[in-house]
Student: 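Just passing along the structure, written as structure tokens.
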There are 2 protein chains.
Amino acid sequence: MGSKKNFKNLPHKTIERLSQYRRALLICLDNNKTHIFSHEIAKIQHITPVQVRRDLMLIGYSGTLRKGYNIQELIDLIGTIIDNEEGLNTTIIGMGNLGRALIKYLSGKRSKLEIVAGFDTNPDKIGNKFSGIQCSSIEHLDKIIKEKNIKIGIITVPEDQTIEMAQKLVDAGIKGILNYTPKPVEVPDHVYLEEYDMITTLEKVAFYVKMAEEQKK
Amino acid sequence: MGSKKNFKNLPHKTIERLSQYRRALLICLDNNKTHIFSHEIAKIQHITPVQVRRDLMLIGYSGTLRKGYNIQELIDLIGTIIDNEEGLNTTIIGMGNLGRALIKYLSGKRSKLEIVAGFDTNPDKIGNKFSGIQCSSIEHLDKIIKEKNIKIGIITVPEDQTIEMAQKLVDAGIKGILNYTPKPVEVPDHVYLEEYDMITTLEKVAFYVKMAEEQKK
DNA sequence: TTTGCACTGTTATTATTTTAACAGCATGTA
DNA sequence: TACATGCTGTTAAAATAATAACAGTGCAAA
Ligand SMILES: NC(=O)c1ccc[n+]([C@@H]2O[C@H](COP(=O)([O-])OP(=O)(O)OC[C@H]3O[C@@H](n4cnc5c(N)ncnc54)[C@H](O)[C@@H]3O)[C@@H](O)[C@H]2O)c1
Ligand SMILES: NC(=O)c1ccc[n+]([C@@H]2O[C@H](COP(=O)([O-])OP(=O)(O)OC[C@H]3O[C@@H](n4cnc5c(N)ncnc54)[C@H](O)[C@@H]3O)[C@@H](O)[C@H]2O)c1
């Protein structure tokens, strides 16, 4: 029962929102704001002020009455919760359109998550740099992952290569995988997996658009 | 109280899973399977067989005992629920790395969602085709959206252009927006909005990797 | 100094989503 | 025929998440 909360029990949804809050806060900080109200954060994220306050309560942060939350303090606190102290090195497998878009997007963000390597099989890409990240041959994956202490792998290879590459990552001792291909993978329990397929999101939008149209009739 | 269920009340999560089931089923169909068990679908999607059966119950589909679900029938039924009969035309705003990756990925999928136009401001891109999709000047956005009856817009422009482009889409009468930039937008109630930021997902992976590591200590 | 206001922080309630429990049934087997 | 097996479909319970309700508080205006 030390002073440190057991953040392990934070709701999954709260974890996601903390990440989002931080990004919104970083933007506000850039605009020379020092404090922010719960309803301001809420508006940016399309949620309710109560939900914001509740999330902040869960992480044990208190704002100042009539002044709101200290942006810098809150950013720092969220950092101590969701970031790894030493940072977590990350790699991208498959430097195609999507892989390069992600690298470009992620590099330069103020995040403890650093992309430290990229891999591909195409000889034209191997040896080149993309947004400052060296692209290596997939043959050296195991070696480089261990050398650079890489913990997270993002998969953006062609669909039919997915399973094989996921296995390679697992064998190299990776701890988390983010799979952007439409091919679902299986990983052992000790590896945390997230999969994202854009079609799901798009079809969801389509469904609710359809519903709204039918409603009008 | 007609025969048609009010699918409007389906849980959001079920909608997402239906889309995922269908994609898994389409793959199975390609492999010449005709039937599938709930536990097989479940394994592919990393969920429980009960959840699959419950979802299918909600949409009123029955399988055959000891034989499972008829894949083609189920695909068709899911289609009648989440697809718009006439299809929903879709456009991508910003034909950069990410926009092109999405176009390439989406074109050719068996989906009622067809990308029918792309827009950009860069003269080098305007007039060209990417994965078969014509890229037009953003100046013609309003005209083309109306002409082609486009209902859904995907935003992949640079962050600082996001708000403006979302507004343009709304003004042109779009019904759903999928925003892939990290800049949150606001839209009127009659427009359905989804936002996705990869950093959230990545930071979530990082958090649970961190938790797993701390657990071991 | 009193009152109203505009916030925060917490607990209570409700809604949503997942999981569990189990009844029912077609098929295979003895 | 009886009975075990391995599925489905449904209802009940539990877990998770969102919303509502409201007490508390410092400031500002009267
Ligand atoms: N989740 C989404 O929203 C989404 C969106 C678009 C694309 N995708 C998927 O992402 C993947 C990549 O899409 P893309 O448009 O970048 O494709 P792409 O063809 O442009 O890129 C694939 C890259 O992977 C490389 N590659 C091939 N085999 C490899 C291997 N075994 N190891 C390492 N690298 C290898 C190729 O040389 C190429 O550079 C595809 O599976 C696609 O379906 C997903
Ligand atoms: N959600 C995610 O996971 C994710 C991942 C990567 C990138 N992104 C974001 O997606 C966006 C695009 O990324 P990218 O790597 O493709 O960038 P990019 O620079 O390669 O592409 C942007 C494109 O938009 C065009 N453009 C600029 N202004 C425009 C306007 N007003 N109207 C129409 N087109 C315009 C540019 O000419 C360019 O072709 C960025 O905002 C980036 O931050 C999001």
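In what follows, every chain begins at residue 1, and chains take the letters A, B, ... in the order their sequences are listed. Basis for what follows: all heavy atoms, side chains included, without hydrogens, waters or symmetry-related copies.
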Student: Any idea which of C:dT18, D:dG24, C:dT11 is nearest the B:K13 side chain?
Tutor: C:dT18

Student: Indicate yes or no: does B:E16 engage A:K204 in a salt bridge with an N to O separation below 4.0 Å.
Tutor: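 Counted as a salt bridge, because a side-chain N and a carboxylate O are separated by less than 4.0 Å.
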
Student: What's B:T14 touching, base or sugar-phosphate or nothing? Going by heavy atoms closer than 4.0 Å.
Tutor: nothing

Student: Is the distance from OP1 or OP2 of D:dT8 to the nearest side-chain N or O of B:R53 less than 4.0 Å?
Tutor: yes

Student: If each of A:R17 and A:R66 is mapped to the nucleotide of DNA chain D with the nearest heavy atom, which maps nearer the 5' terminus, i.e. the 5' end?
Tutor: A:R17

Student: So, A:T201 versus A:Y196: side-chain donor-acceptor pair below 3.5 Å or not?
Tutor: yes

Student: What nucleotide among C:dT10, D:dC7, D:dT25 has an atom nearest to a side-chain atom of A:V50?
Tutor: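 The listed nucleotide nearest to A:V50's side chain is C:dT10.
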
Student: Could you state the CZ-P distance from B:F37 to D:dG9, rounded to the nearest angstrom?
Tutor: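 Nearest whole value for this atom pair: 12 Å.
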
Student: Considering non-hydrogen atoms only, spot the tightest contact between A:K112 and A:N84 and give its length.
Tutor: CD-O, 3.8 Å

Student: Would you mind reading off the distance between B:E16 atom CD and C:dT18 atom C1', rounded to a whole angstrom?
Tutor: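 So the CD-C1' distance, B:E16 to C:dT18, works out to 14 Å.
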
Student: Given atom NE2 of B:H12 and atom P of C:dT16, what is their separation to the nearest angstrom?
Tutor: 9 Å

Student: Could you check how far NE2 of B:H39 sits from C1' of C:dA20, rounded to whole Å?
Tutor: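 Nearest whole value for this atom pair: 19 Å.
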
Student: Rounding to an integer number of Å, can you tell me how far A:E40 CD sits from C:dA6 P?
Tutor: 15 Å

Student: To the nearest Å, how far apart are A:Q51 CD and C:dA12 P?
Tutor: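 About 20 Å, once rounded to whole Å.
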
Student: Starting at atom CD1 of B:I15, determine the distance to atom C1' of C:dT16, rounded to an integer number of angstrom.
Tutor: 14 Å

Student: Does A:R54 place a side-chain N or O at less than 4.0 Å from the phosphate oxygens OP1/OP2 of C:dT13?
Tutor: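 It does not, given that no N or O in the side chain of A:R54 lies less than 4.0 Å from OP1 or OP2 of C:dT13.
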
Student: So does A:K168 pair up with A:D142, basic N to acidic O under 4.0 Å?
Tutor: no

Student: Once you round it to whole Å, what is the distance between C1' of C:dT16 and CG of B:N9?
Tutor: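 In whole Å, C:dT16 C1' and B:N9 CG are 13 Å from each other.
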
Student: One thing to verify: whether B:K43 and A:E186 come together as a salt bridge, which I'm taking to mean a side-chain N less than 4.0 angstrom from a carboxylate O.
Tutor: yes

